[in-house]
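Right, one structure below, let's go through it.
Chain A is the first sequence line, chain B the second, and so forth, proteins listed ahead of strands; every chain is numbered from 1.
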Amino acid sequence: MQTKRTVFGSPVLPYLLVLPQLAITFVFFLWPAGQAVWQSFLREDPFGLKTSFVWFANYQKLFVDPQYLYSLQITAVFALSVAVLSIGSALVLAVAADRMIRLSQTYTTLLVWPYAVAPAVAGVMWWFMFNPTIGIMSYMLEMLGYDWNHSLNPTDAMILVVIAASWKQISYNFLFFLAGLQAIPASLNEAAAIDGAGPVKRFFTIVLPLLSPTTFFLAVVNMVYAMFDTFAVIHATTQGGPSGSTAILVYKVFQDGFIGLKLGSSAAQSVVLMVIVITLTVIQFRWVERHVEY
Amino acid sequence: MVENRPWLNIFSHIVLILGVLTVAFPVYLAFIASTHGPDDFMSGVMPVLPGPHLIDNYWQMLSQGVSTSGAPPLWRMMFNSLVMALMIAVGKIAISILSAFAMVYFRFPLRGVAFWLIFITLMLPVEVRIMPTFKVVADLHLLNSYAGLSIPLIASATATFLFRQFFLTVPDELTEASRVDGATPMMFFRDILLPLSRTNIAALFVILFIYGWNQYLWPLLITTDPQYYTVVMGIKRMADVADAIPQWNVVMATVILAMLPPVVVVVAMQRLFVKGLVETEK
């Protein structure tokens, strides 16, 4: 690990400086995470009177529980849909904005503000628009002959949360794509144009390959976003329903822990989620290392 | 741009305008809904043009709130959100800049251990360890308090990393010169490092303020006393009235007020915001 060539010498001061952060990290991060791991090996009787150590029984039960397997499946569908929808639309917008010479900044301002909107607020707005009785979207769908009802139809509910979650994430992806596009040397595009390649061909043979590191990075970040930060979108709209069809993993930890009070199972689910986050973070860091060299 | 293609330019403008409109559409409808009386949402489709109740609705929400939901007036919730967002932003920056200073400018035993302990927090979002964290906060008697709302969210590896990366680029000559002049480490920190970090602090502040303001699950769990409700979590309580249609006009007024402060911050400080966003992710 790097330090300065010149460092200060003091026996006590550095410890005092790291103490606040370490104390908070320990009390609110490491201790609870350790508790979750420990709890995942225990089984508590319904009255909380007796706990017994059950090794991996909670995990074994988890992975044969059809509801949990369903939730895994739902989470994968949800995370992939959000990533594809928000990355795709952000890319189209960024490529268009990159063509603008003077108005690029204005369009950026008009597109980035949803980043500041809370996921819960985004959820409530889309929930309102798709409201089966008065919502404008359900009204239009009805005119097209589709009877929208996200409180009864699992597919409708999933579409609703995907749209609300993606809407908020477009601005973030847009900023990263725009930065990536502006980093591509103009000479490459000019050379290709002189060789007779049109805009579409240039996009697929030059721009898209050069954007692939950005795209990969965004894919990971968007997966993490969809899996963890969208709790509020789900809680504020469908609450995991109808019949568990939008209960993604994070939502299920909350539901089983706080509402169902299945502590052992909820803790085991937390540990599974931690493993997923750590894997995704490691992938992301490996990418950053490679990216720096490149 | 390589060549002049007027049709492609027009097409790009159309794509962007459509994008801007799609992004703004939900907010437009929310705003329109907040200008109507409660009777306009009973049947048919929601209104798409402004109504006459703009001032009534906002005034009612800010001064009284919705009595049936047991929520306090909106000014109170917005004040709570503001306190929480500021405490999180200032707290994170303060503890991160200090620990980054220690890691870069000192060599002390167990430095590597401290570095890794902080690094791990990067990987554990509050949602995945929610039950045990809640228990810790309850045991410390921090439920229904500003400290409970903000302190558990203060530890942040990202801010520490940002400052660490920045300190590594500060020239060694500055440190040497201060030592020759007899400055103590804290004097060096206060008179040299802090002024140099000003832009980084501001950029981080924008990001962390938004992060703090938009918290949802955490305030939802640890506040049962309406005096500590924050506005983002309060919306849900208002929309979920038992066995009744939500009062859309006032819910949407709350939606608009809840998003206004962070959106204003982002738009007003766009340059700092983009800098903060792009650099914290690296």
Could you tell me which of F174(A), F228(A), W31(A) has the largest number of non-hydrogen atom pairs under 4.5 Å with chain B? F228(A)
Determine, stepwise, if the pair T25(A) / L30(A) fulfils side chain to side chain contact (heavy atoms under 4.5 Å, CB included). CA-CA 6 Å; T25(A) 303; L30(A) 300 177; 4.2 Å; yes
Bottom line for A94(B): the part with an atom under 4.5 Å from chain A's heavy atoms is neither
Measuring heavy-atom distances to chain A, does I235(B) have an atom under 4.5 Å in its side chain, in its backbone, in both, or in neither? side chain
Top residue by heavy-atom pair count (under 4.5 Å) with chain A, among A33(B), P261(B), A102(B)? A102(B)
Please classify the contact between V263(B) and chain A as side chain, backbone, both or neither, with a heavy-atom cut-off of under 4.5 Å. both
Proximal component of V27(A), with respect to chain B [non-hydrogen, under 4.5 Å]: both
I'd like to verify something: which residue of A118(A), P20(A), A267(A) has the highest number of heavy-atom pairs under 4.5 Å with chain B? A118(A)
In terms of ring plane angle, is the pair Y107(A) and H13(B) parallel, tilted or perpendicular, where the classes change at 30° and 60°? tilted
Test Q169(A) against S86(A) for side chain to side chain donor-acceptor pair (under 3.5 Å), laying out the working first. CA-CA 6 Å; Q169(A) 194 65 2; S86(A) 61; over 6 Å; no
Using non-hydrogen atoms and a 4.5 Å limit, figure out which bit of E142(A) sits close to chain B: side chain, backbone, both or neither. neither
Between L29(B), I118(B), V255(B), which has the largest tally of heavy atom pairs under 4.5 Å with chain A? I118(B)
With a 4.5 angstrom heavy-atom cut-off, could you sort out which part of L220(B) is near chain A: side chain, backbone, both or neither? side chain
Measure distances from V136(B) to the heavy atoms of chain A and classify the residue's part below 4.5 Å as side chain, backbone, both or neither. side chain
Can you tell which of V264(B), V232(B), V251(B), L217(B) has the highest number of heavy-atom pairs within less than 4.5 Å of chain A? L217(B)
So for M252(B), is it side chain, backbone, both, or neither that comes closer than 4.5 Å to the heavy atoms of chain A? side chain
Y105(B) and F189(B): aromatic ring centres closer than 6.0 Å? no
Residues two or more places apart in sequence or in another chain: which of them pass ring-ring contact (aromatic ring centres under 6.0 Å, His included) with W38(A)? F53(A)
Tell me every residue that passes ring-ring contact (aromatic ring centres under 6.0 Å, His included) with F254(A), counting only those two or more places apart in sequence or in another chain. F231(A), H235(A), Y251(A), F258(A)
Mind ranking I151(B), L153(B), I154(B), V267(B) by heavy-atom pairs under 4.5 Å with chain A and telling me who comes out on top? I151(B)
Proximity breakdown for V170(B) and chain A, heavy-atom pairs closer than 4.5 Å: both
Okay, side chain of W126(A), backbone of I163(A): is any donor-acceptor separation there less than 3.5 Å? no
Between W218(B) and G148(B), is there a donor-acceptor pair closer than 3.5 Å when you use the side chain of the first and the backbone of the second? yes
Chain A heavy atoms under 4.5 Å from T175(B): which part of the residue, side chain, backbone, both or neither? side chain
Highest number of heavy-atom pairs under 4.5 Å with chain B among L22(A), V253(A), V92(A), I170(A) belongs to L22(A)
When you compare the side chains of T109(A) and Q270(B), does any donor N or O come within less than 3.5 Å of an acceptor on the partner? yes
Residue part contacting chain B, namely of A232(A), when any heavy atom lies under 4.5 Å: both
Any donor-acceptor N/O pair, S104(A) side chain to D98(A) backbone, under 3.5 Å: no
Would you mind checking which part of L19(A) comes under 4.5 Å of any heavy atom in chain B, side chain (CB onward), backbone (N, CA, C, O), both or neither? neither
Flag the one option from V20(B), I14(B), V266(B) with the top tally of heavy-atom pairs under 4.5 Å to chain A. V20(B)
Measure L140(B) against the heavy atoms of chain A and call it side chain, backbone, both or neither at under 4.5 Å. side chain
Begin with the C-alpha distance, continue with both residues' side-chain angles, and end with the deciding distance and a verdict on side chain to side chain donor-acceptor pair (under 3.5 Å) for N249(B) and S34(B). CA-CA 4 Å; N249(B) 55 338; S34(B) 74; over 6 Å; no
Aromatic ring proximity Y172(A)/Y225(A), centre distance under 6.0 Å: no
Identify which of P109(B), P262(B), P185(B) forms the greatest number of heavy-atom pairs closer than 4.5 Å to chain A. P185(B)
How far apart are the C-alpha atoms of L175(A) and T108(A), what are their side-chain angles, what is the distance that settles it, and do they pass the side chain to side chain contact (heavy atoms under 4.5 Å, CB included) test? CA-CA 8 Å; L175(A) 280 175; T108(A) 306; 4.0 Å; yes
Where does T254(B) contact chain A at under 4.5 Å (heavy atoms): side chain, backbone, both or neither? neither
Aromatic contact between F115(B) and F161(B), with the criterion being ring centroids under 6.0 Å apart: yes or no? yes
Return the option, out of V117(A), T237(A), V224(A), with the maximum number of heavy-atom pairs under 4.5 Å with chain B. V117(A)
Among L110(A), V250(A), L13(A), the residue with the most heavy-atom pairs under 4.5 Å to chain B is L13(A)
Heavy-atom distances under 4.5 Å only: say whether Q165(B) touches chain A with side chain, backbone, both or neither. neither
If you count heavy-atom pairs within less than 4.5 Å of chain B, which of K168(A), M100(A), Q269(A) leads? M100(A)
Proximity breakdown for Y211(B) and chain A, heavy-atom pairs closer than 4.5 Å: neither
Could you look at A258(B) and say if it's the side chain, the backbone, both or neither that has a heavy atom under 4.5 Å from chain A? side chain
With a 4.5 angstrom heavy-atom cut-off, which part of F167(B) approaches chain A: side chain, backbone, both or neither? backbone
Mind checking the NZ-CD spacing from K135(B) to Q39(A)? Nearest 0.5 Å is all I need. 8.5 Å
Note: I256(B) and V27(B) closest approach over all heavy atoms is CD1-O, 4.0 Å
So, do F163(B) and F101(B) have ring centers that fall under 6.0 Å from each other? no
